[in-house]
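Before any comments, here is the structure.
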There are 2 protein chains.
Amino acid sequence: MPEATVARLPLYLRALTNLAERGVATVSSEELAASAGVNSAKLRKDLSYLGSYGTRGVGYEVDFLRHQITREIGLTQDWAVVIVGIGNLGHALANYGGFASRGFRIAALVDADPSRLGEEVAGLNVRHADELEQIVQDLGIAIGVVATPARAAQLVCDRLVAAGVTSILNFAPAIVQVPEGVDLRKVDLSTELQILAYHEQRKNGAALALTAEQAAELAEAVNG
Amino acid sequence: MPEATVARLPLYLRALTNLAERGVATVSSEELAASAGVNSAKLRKDLSYLGSYGTRGVGYEVDFLRHQITREIGLTQDWAVVIVGIGNLGHALANYGGFASRGFRIAALVDADPSRLGEEVAGLNVRHADELEQIVQDLGIAIGVVATPARAAQLVCDRLVAAGVTSILNFAPAIVQVPEGVDLRKVDLSTELQILAYHEQRKNGAALALTAEQAAELAEAVNG
DNA sequence: AGACGCTTGTGAACGTATGCACAAAGTTGC
DNA sequence: GCAACTTTGTGCATACGTTCACAAGCGTCT
């Protein structure tokens, strides 16, 4: 299955869940594509990788398709997750309700700061980073979430991998390297903003995006 | 410039900043590519869209290249940003230091919950959602960050767009539609985890990823 | 000054992703 | 049971992105 398709399955799953909550039983590729914000041919091709689960002339049965995607992604089981780094972001992640409802169970919280130990966050005690390896092994954790400062990210990832974690979601604004066989995805807030800024700069032409330096250059060119 | 290249420029910028902090003056495409985790030919092609800023036989001057990328992305000016939704995640975003140091100034915080009004977060008073349009216009805000619950996301985006915002970064787990000309990027925590789960399921074979239902099927197949 | 070694910048080949357009296959109505 | 209509699943063309491989260019050393 193409990676681009895999990345869209959660999107379809969400759209289907919305439809199911509104009591919709059947949906066409056109409707589903519209509510997921993609092209309908792309949607159909994506779904065709799962198998032939539509009915020509009718569409897709919402609940059935939802179950197939859930199974394909691997959400029929619960995945235990450890969050490393319980600062502002770690707190927010621990308290984020969207995980539990989507098959992910936050099994442990870990921080290196002794002053945070024992603090209760989202019903879990924060444990010390020294225990990381033990926790991962005891709880059979395969997925780690890194929400540490940038300078700690590589070390934390190394330790997670050494302890047996094979998938990491990195929120730290750092470039980390992981060995072959370990999946790493990164979520980077300022990268996203920078991409927006790039397009914003081009949209507004010179008006808003003119720096003092550029304005001087422009003035010189015009006044010559 | 290709979109894929734009998305990597912030990555290069970060790598270059790291090098600059370590006092490195010059870097080859091979080294820079390694520290950014990309192929060196790709890096060179990406940089070639900026212009011919390398020196054959030598490499790239770190500070100079950093400045060029900064300028290309549009970070020579500060961008005013409003965060809508000051829950757990909104708090974390408001307190995230990485914004300010990368050219983004959090100019206002907005929430619909009256009990949060006037609360001081990251040195700013939380203001009521009713003031959103006024705030956006008064402060000349072009970029909005949405950290509301899913059900509020579309409405908030509509209001941001109506008020003049042309770039939105959406953290709400919802599919939102925006008109042509408005850039929308989304950061979705559970989507990322779901993509990891998909690969995790395939890595471990049946071992960890076996559900009760699948185990029953398997048992039947083996014993039957 | 000239030869040598290194690194950039890019043409070309390859691979992946997208979207059109339509045949195949189902449902509905008569 | 057949015709008309709807919608899926997919072959094909096109666009986009990545990687290889190498000529062109720069600095260095003799």
Legend entry - Protein-nucleotide distance (B/M1, atom CE; D/dC16, atom P), rounded to Å: 15 Å

Inset, instruction - Measure from NZ or CZ of A/R202 to the centre of the six-membered ring of A/Y198, then state whether that distance is under 6.0 Å and the direction lies within 45° of the axis. - result: yes

Legend entry - Euclidean distance, A/Y60 OH relative to A/L19 CG, rounded to 0.5 Å: 13.5 Å

Inset, instruction - Please state whether the phosphate of D/dT7, meaning OP1 or OP2, lies under 4.0 angstrom from any side-chain nitrogen or oxygen of A/S29. - result: no

Inset, instruction - Walk me through it: do A/L13 and A/T70 pass the test side-chain contact (heavy atoms from CB on, under 4.5 Å)? - result: CA-CA 7 Å; A/L13 188 54; A/T70 300; 3.6 Å; yes

Inset, instruction - Ignoring backbone atoms, establish whether B/N39 has a side-chain N or O less than 4.0 Å from OP1 or OP2 of D/dG17. - result: no

Inset, instruction - Apply the test side chain to side chain donor-acceptor pair (under 3.5 Å) to residues B/T5 and B/D46: give CA-CA distance (whole Å), side-chain angles for both, the deciding distance (0.1 Å), then the verdict. - result: CA-CA 6 Å; B/T5 296; B/D46 284 343; 2.7 Å; yes

Inset, instruction - Could you run through nucleotides 10-15 of chain D and give me one letter per nucleotide, 5' to 3': B if any protein heavy atom sits under 4.0 Å from the base, S if only the sugar-phosphate is that close, - if neither? - result: BBB---

Inset, instruction - Would you kindly compare B/L47 and A/A4 by the position of their nearest DNA chain C nucleotide and give the one closer to the 5′ end? - result: B/L47

Legend entry - Nearest-nucleotide 5' precedence on DNA chain D, A/G51 against B/T55: A/G51

Legend entry - Length of the NZ-C1' vector between A/K42 and D/dC16, whole Å: 12 Å

Inset, instruction - Using a 4.0 Å heavy-atom cut-off across all strands, classify B/Y49 as base, sugar-phosphate, or nothing. - result: nothing

Legend entry - Side chain to side chain, B/L196 and A/W79, heavy atoms closer than 4.5 Å: no

Inset, instruction - Would you check if B/L65 and B/L32 make a side-chain contact, meaning some heavy-atom pair closer than 4.5 Å? - result: yes

Inset, instruction - Could you grab the distance from atom CZ of A/F99 to atom CD of B/Q194, nearest 0.5 Å is fine? - result: 10.5 Å

Legend entry - B/T191 vs A/R14 side-chain heavy atoms within contact, under 4.5 Å: yes

Legend entry - Along DNA chain C, first and last positions that approach a heavy atom of chain A under 4.0 Å: C/dA17 to C/dT27

Legend entry - Test log, rule side chain to side chain donor-acceptor pair (under 3.5 Å), inputs B/H199 and A/E3: CA-CA 10 Å; B/H199 294 295; A/E3 188 58 32; 3.0 Å; yes

Inset, instruction - Starting at atom CD of B/E30, determine the distance to atom P of D/dT19, rounded to an integer number of angstrom. - result: 13 Å

